[in-house]
Amino acid sequence: MRQQTIGQQFEIEGIGLHSGLQSKLVFKPLEENAGIVFRRSDLPDAPMLPALWSNVVDTRNCTCIGDGRDHVVGTIEHLMSALYMRGVDNVLIEVNNPELPIMDGSAAAFYRALQEIPLQEQAVERKYLKVAKEVSFADDKGNKVSLNPYDKGLKIRFEIDFPSKVVGHQVFAGEMTPELFVAEIASCRTFCEKSQVDYLQSIGLIKGGSLENAVVLDGETVLNPEGLRHGNECVNHKVLDAVGDFYTSGYRVLGELNAFKTGHFHNNQLLKVLFGDQSNYELV
């Protein structure tokens with residue numbers, strides 16, 4: 001299959017989760033082998049920030065890329081997952097804010113916008129990142145993520161376990177296809193405990209956060225009036241994040257991801273392990 005870019009320019013606007021500021025994205029076609037590139041259009045020199053694992057500078061509350069000069073773009077993971085599943089290899093995304101708009105806390109709005117425009121096939125063949133042998137990363141709490149060989153696509157098994165009965169123990173297992181993504185993954189929102197919200201607001205973060213862009217749990221209660229969109233919305237959102245994070249590899253992945261109670265930090269660390277030894281993978 002050949003590489004693809006978007007067939008026309010388009011825009012998306014929304015509120016930044018942490019800043020509370022209006023964030024505008026302008027999507028533009030990009031040449032072959034360029035990858036996914038963000039440009040901070042609000043800064044004097046409009047720095048370019050390729051969405052690559054080696055440029056990830058913060059994973060505490062989202063995946064944030066930077067250039068080492070305090071120029072950053074945060075909360076890229078939801079858009080990255082939509083680009084991955086839509087089949088976009090090369091695109092320039094101009095953003096006028098240090099973070100992307102949170103939209104409704106999922107990838108649904110991004111994916112819908114990408115579905116509404118044509119894609120342009122390019123002259124160069126697409127390369128895939130084929131996992132050659134198991135690679136893994138675990139933290140000191142026993143949370144672990146690994147990649148294993150799998151030739152057919154990106155297969156994911158994700159397991160979470162929370163004290164809250166609203167979340168509890170949830171498992172997702174499946175091969176990522178556009179159909180599965182639309183049906184079960186794209187609309188799943190980020191989630192958090194009300195105590196987390198209170199703390200983050202106390203230190204000046206999530207100024208744009210609301211029940212319109214996150215699932216908020218308070219003990220055994222879902223504070224959102226509409227409740228959950230899916231019975232396993234929480235683990236499915238973790239899958240959404242993982243797809244976006246692993247697109248910072250720069251390639252579509254041929255491999256099986258197994259994750260146990262992990263997040264953005266673990267995903268980025270696993271990519272560092274993967275690319276730390278060329279015998280771990282092939283480009284095919």
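Please read these numbers as outputs of a predicted model, since none were measured by experiment. Sequential numbering from 1 along the given sequence is applied to the chain's residues.
Remark: side-chain polar atoms of Asn224 are paired, donor with acceptor, to backbone N or O of Leu211 under 3.5 angstrom. Looking at Gln196, its side chain does come within 3.5 Å of a backbone N or O of Glu193 through a donor-acceptor pair. A donor-acceptor pair under 3.5 Å is absent between the side-chain atoms of Asn268 and the main chain of Phe265, judged by distance alone. Under a 3.5 Å cut-off, the side chain of Asn280 and the backbone N or O of Ala132 do not form any donor-acceptor pair.
Rounding to the nearest 0.5 Å gives a distance of 9.0 Å between CZ of Phe110 and CG of Asp104.
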Item to complete: Step by step, work out the salt bridge (charged side-chain N to carboxylate O under 4.0 Å, His left out) result for Arg39 and Glu94.
Response: CA-CA 5 Å; Arg39 178 160 62 194; Glu94 296 183 345; 2.4 Å; yes
Discussion item. Set out, in order, the CA-CA distance, both residues' side-chain angles and the distance that settles salt bridge (charged side-chain N to carboxylate O under 4.0 Å, His left out) for Asp42 and Lys24, then state yes or no.
Written reply: CA-CA 10 Å; Asp42 58 318; Lys24 179 179 178 180; over 6 Å; no
Discussion item. Evaluate Cys64 against Val56 for side-chain contact (heavy atoms from CB on, under 4.5 Å), listing each step before the verdict.
Written reply: CA-CA 6 Å; Cys64 177; Val56 172; over 6 Å; no
Worksheet item: What's the verdict on side-chain contact (heavy atoms from CB on, under 4.5 Å) for Phe38 and Leu25, showing C-alpha distance, side-chain angles and the deciding distance?
Response: CA-CA 9 Å; Phe38 291 91; Leu25 305 179; 5.5 Å; no
Practice prompt. Report the C-alpha separation of Tyr150 and Val131 in whole Å, then their side-chain angles, then the decisive distance to 0.1 Å, and conclude whether the side-chain contact (heavy atoms from CB on, under 4.5 Å) test is met.
Written response: CA-CA 7 Å; Tyr150 181 73; Val131 179; over 6 Å; no
Worksheet item: Under the salt bridge (charged side-chain N to carboxylate O under 4.0 Å, His left out) criterion, do Asp89 and Arg126 qualify, and how do the steps go?
Response: CA-CA 8 Å; Asp89 299 281; Arg126 175 185 289 165; 2.8 Å; yes
Fill in: Intermediate values then yes/no, side-chain contact (heavy atoms from CB on, under 4.5 Å), Phe162 and Leu217
CA-CA 11 Å; Phe162 284 80; Leu217 310 174; over 6 Å; no
Worksheet entry | salt bridge (charged side-chain N to carboxylate O under 4.0 Å, His left out) assessment of Arg60 paired with Asp58 | CA-CA 6 Å; Arg60 285 171 294 179; Asp58 196 346; 2.7 Å; yes
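Taking 4.5 Å as the limit, every side-chain heavy atom of Val91 sits out of range of all side-chain heavy atoms of Pro29. Using a 4.5 Å cut-off on side-chain heavy atoms (C-beta onward), Leu129 and Leu254 make no contact. Val73 is listed as a side-chain neighbour of Leu100, based on a closest heavy-atom distance under 4.5 Å. No side-chain heavy atom of Gln9 sits less than 4.5 Å from a side-chain heavy atom of Ile117. Taking 4.5 Å as the limit, some side-chain heavy atom of Leu257 sits within range of a side-chain heavy atom of Leu270. A heavy-atom distance below 4.5 Å is found between the side chains of Thr75 and Glu77. Side-chain contact between Ile93 and Leu83: present, with at least one pair of heavy atoms (C-beta onward) separated by less than 4.5 Å. Counting heavy atoms from C-beta outward, Met85 and Tyr111 have side chains that approach closer than 4.5 Å.
Nearest approach of Gln170 to Gly231, heavy atoms of both residues: NE2-O, 3.8 Å. Here the closest non-hydrogen pair linking Leu49 and Gly66 is CD2-C, 3.8 Å. Annotation for Arg189 and Gly227: closest pair NH2-O, 3.0 Å, computed over non-hydrogen atoms. Across every non-hydrogen atom of Val95 and Ser23, the tightest pair is CG2-OG, 3.8 Å. Scanning both residues, Tyr251 and Lys127, for their nearest heavy atoms gives CD2-O, 3.6 Å. The two residues Cys188 and Asn236 have their closest heavy-atom pair at SG-CB, 3.4 Å.
For Glu159 and Arg157, the salt-bridge test passes: some basic side-chain N is under 4.0 Å from an acidic carboxylate O. Look at Glu175 and Lys152 and you find no salt bridge, because none of the NZ, NE, NH1 or NH2 atoms lies under 4.0 Å from a carboxylate O.
Heavy atoms from other residues, nucleotides or ligands lying under 6.0 Å from CD of Glu13 number more than 12. No more than 12 heavy atoms of other residues, nucleotides or ligands sit less than 6.0 Å from atom CG of Asp70. Enclosure of atom NZ in Lys133 by more than 12 non-hydrogen atoms of other residues, nucleotides or ligands within 6.0 angstrom is indicated. Dense packing is recorded around CD of Glu220, with more than 12 heavy atoms of other residues, nucleotides or ligands lying under 6.0 Å away.
In this pair, Trp53 and Phe275 present their aromatic rings parallel. The plane angle is below 30°, not in the 30 to 60° band. Using cut-offs of 30° and 60° on the angle between ring planes, the pair Phe27 and Phe10 is parallel.
Under 3.5 Å, the side chains of Asn90 and Gln122 contain a donor-acceptor pair of N or O atoms. In this structure, a donor-acceptor pair under 3.5 Å is absent between the side chains of Tyr128 and Glu282. His264 and Asp245 are linked by a side-chain donor-acceptor pair at a separation below 3.5 angstrom, with hydrogens and angles left out of the test. Using modelled atom types, one finds a donor on one side chain and an acceptor on the other under 3.5 Å when comparing Ser19 with Glu99. For the residue pair Ser187 / His230, a side-chain donor-acceptor distance below 3.5 Å is found, with atom types taken as modelled.
Note: His78 and His237 meet the aromatic proximity criterion, with ring centroids under 6.0 Å apart.
When the options Val253, Leu180, Ile185, Val239 are evaluated for a side-chain contact (heavy atoms from CB on, under 4.5 Å) with Ile156, the one that passes is Val239. When each of Asp241, Asn232, Val235, Asn258 is checked for a side-chain contact (heavy atoms from CB on, under 4.5 Å) with Phe158, only Val235 meets the rule.
Taking the ring axis of Tyr84 as reference, the NZ or CZ atom of Arg252 stays within 45° of it and closer than 6.0 Å to the ring centre.
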